[in-house]
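Reminder, nothing fancy here: chain letters follow the sequence lines and each chain counts from 1. Note that these values count all heavy atoms, side chains included, but never hydrogens, waters or copies made by symmetry.
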2 protein chains.
Amino acid sequence: MARTVSERSDVLPLLAEAFREHGYEGASLALIGEATGLGRGSLYHFFPGGKEEMASAVLGEIEAWFETNIFRVLRTAEHPENALLQTLDATEEYFRSGRRICLVGAFALSDTRDRFSLSLRRYFSEWRAALEFALSKTGETPAEAATHAEEIVLSLQGALVLARALDDPGIFSRAIGRVRSRLPKARTKRRGGAPRLP
Amino acid sequence: MARTVSERSDVLPLLAEAFREHGYEGASLALIGEATGLGRGSLYHFFPGGKEEMASAVLGEIEAWFETNIFRVLRTAEHPENALLQTLDATEEYFRSGRRICLVGAFALSDTRDRFSLSLRRYFSEWRAALEFALSKTGETPAEAATHAEEIVLSLQGALVLARALDDPGIFSRAIGRVRSRLPKARTKRRGGAPRLP
DNA sequence: TAAAGCATGTACCGAACGATACAGTTTTCG
DNA sequence: CGAAAACTGTATCGTTCGGTACATGCTTTA
């Protein structure tokens, strides 16, 4: 009765969506099975550790995505001003302009926080550190950069909460816009090398 | 086997604490019974509607507290600048300087959002509206006041998320401080009567 | 003090939970 | 081809879930 070959990585997005919609406790195995199209057997084949391993894997993939598309970009950019704008765009797209919640933030406010505290800390502190690094490269003082970075992460998270509660994604877009407008201005002079995204 | 007379209002804070710690789904009746010291019988005597009514009552009490201590103060203050500072202090105290999460925010990010969507909307929109009103009375333009109010609520919520995730209450205190410093300055001149704003 | 009504603890219910066992089916590869 | 490995659906485990029933005892009224 086996079906076509599935890969663990294939079900991760579906799994993530299920946890996003229902939370850790709320996502029952029946629900997860429905969301992924997999039976309990398959689920436990891919994730022997059960529900906890499923959530852990989802968090891992989220971290990996942010590491690739946000943190690394901020850390390695030649032009930090452009990198900041670029990662802000990527963030807005990732959260579907406020229609999608941050699973990490949701976990942080739930009682699953303790279970995944390491992942949660890493996610937020890396984000903050990467922003801080890029901001300080734009010429902000260490103190300014630290405060500014913290405020950016916090604004995005708060905007997601509010957007969700008021069912108004515009709140998130506006918050992103405000963050963008407070960024150090990018140099207008474009050097000949490899121009960053427009 | 009855014990001393309890009042419904007596158990609400304990109930709130249980929901804060474990979330709606995570707070089982066994846990709630333990937290409140009440058996299922008493619980269902006070809250015939079961768990949903318990959570509803808790949200109601939270709303009432904010209405009294925050929203009304902002709406009826003679000196909005002072009211803003005062309610900010009250907010910091309420959230125990970042050590306590916002149950309403937590609910907003969980799958219980739909169940209590009305309460969640009311809480945040009243908060925002009250801030907006007070800010516009300080002389901010309607557009400025609206944006500013939204940003304050959002910052506080985001700070609570971050403080929880990073286990660093200081994040919340710093955020409050930043909000405070961006408030329109209160007039130092104190007139005897009831001074109106220009 | 006796009746009345409220408050409470205990036992219990069916349903759903997370998890496991296992047989059956497909894929892989020598 | 044929055996080993990978995969998946079903049945079922023991537990816990939210919720109910009810007898017992306390507090209040008279």
Trainee: Round to the nearest Å and state the distance from Y24(B) atom OH to dC17(D) atom P.
Mentor: 14 Å

Trainee: Is E126(B) salt-bridged to R121(B), cutoff N-O under 4.0 Å?
Mentor: no

Trainee: Measure the distance from CZ on F46(A) to C1' on dA6(D) and round it to the nearest whole Å.
Mentor: 9 Å

Trainee: Check the distance between dT16(D)'s P and E34(B)'s CD and give it to me in whole angstrom.
Mentor: 13 Å

Trainee: Is the positively charged end of R100(A) above the ring of Y94(A), judged by distance under 6.0 angstrom from the centroid and angle within 45° of the axis?
Mentor: yes

Trainee: Aromatic rings Y123(B) and W127(B): how do their planes relate, parallel, tilted or perpendicular, breaks at 30° and 60°?
Mentor: perpendicular

Trainee: Without decimals, in angstroms, what is the distance between D10(A) CG and dA6(D) C1'?
Mentor: 15 Å

Trainee: To the nearest 0.5 angstrom, please state how far the SG atom of C102(B) sits from the CD1 atom of I62(B).
Mentor: 7.0 Å

Trainee: State whether H45(A) places a side-chain N or O below 4.0 Å from either non-bridging phosphate oxygen (OP1 or OP2) of dT8(D).
Mentor: no

Trainee: Both G41(A) and G49(B) contact DNA chain D. Taking the nearest nucleotide for each, which residue is further toward the 5' end?
Mentor: G41(A)

Trainee: Could you go over nucleotides 14-17 of chain C and give all protein N or O partners under 3.5 Å, atom names and distances?
Mentor:
residue, atom, partner, partner atom, Å
dC17(C), OP1, S28(A), OG, 3.2

Trainee: When the distance from CZ of F47(A) to P of dT20(C) is rounded to whole Å, what number comes out?
Mentor: 15 Å

Trainee: dT16(D) P sits how many Å from H22(B) NE2, rounded?
Mentor: 16 Å

Trainee: Check the distance between dT20(C)'s P and Y44(A)'s OH and give it to me in whole angstrom.
Mentor: 6 Å

Trainee: What orientation do F66(A) and F71(A) show, parallel under 30°, tilted 30 to 60°, or perpendicular over 60°?
Mentor: tilted

Trainee: Throw together a table of side-chain donor-acceptor distances under 3.5 angstrom for residues 149-162 of chain A, partners on residues two or more places apart or in other chains.
Mentor:
residue, atom, partner, partner atom, Å
E150(A), OE1, R128(A), NH1, 2.8
E150(A), OE1, R174(B), NH2, 2.9
E150(A), OE2, R174(B), NE, 3.0
E150(A), OE2, R174(B), NH2, 3.3
E150(A), OE2, R178(B), NH2, 3.4
E151(A), OE1, R182(B), NH2, 3.0
E151(A), OE2, R182(B), NH1, 2.6
E151(A), OE2, R182(B), NH2, 3.1
S155(A), OG, E151(A), O, 2.8

Trainee: Send over the distance from F19(A) CZ to dG18(C) C1', rounded to a whole Å.
Mentor: 12 Å

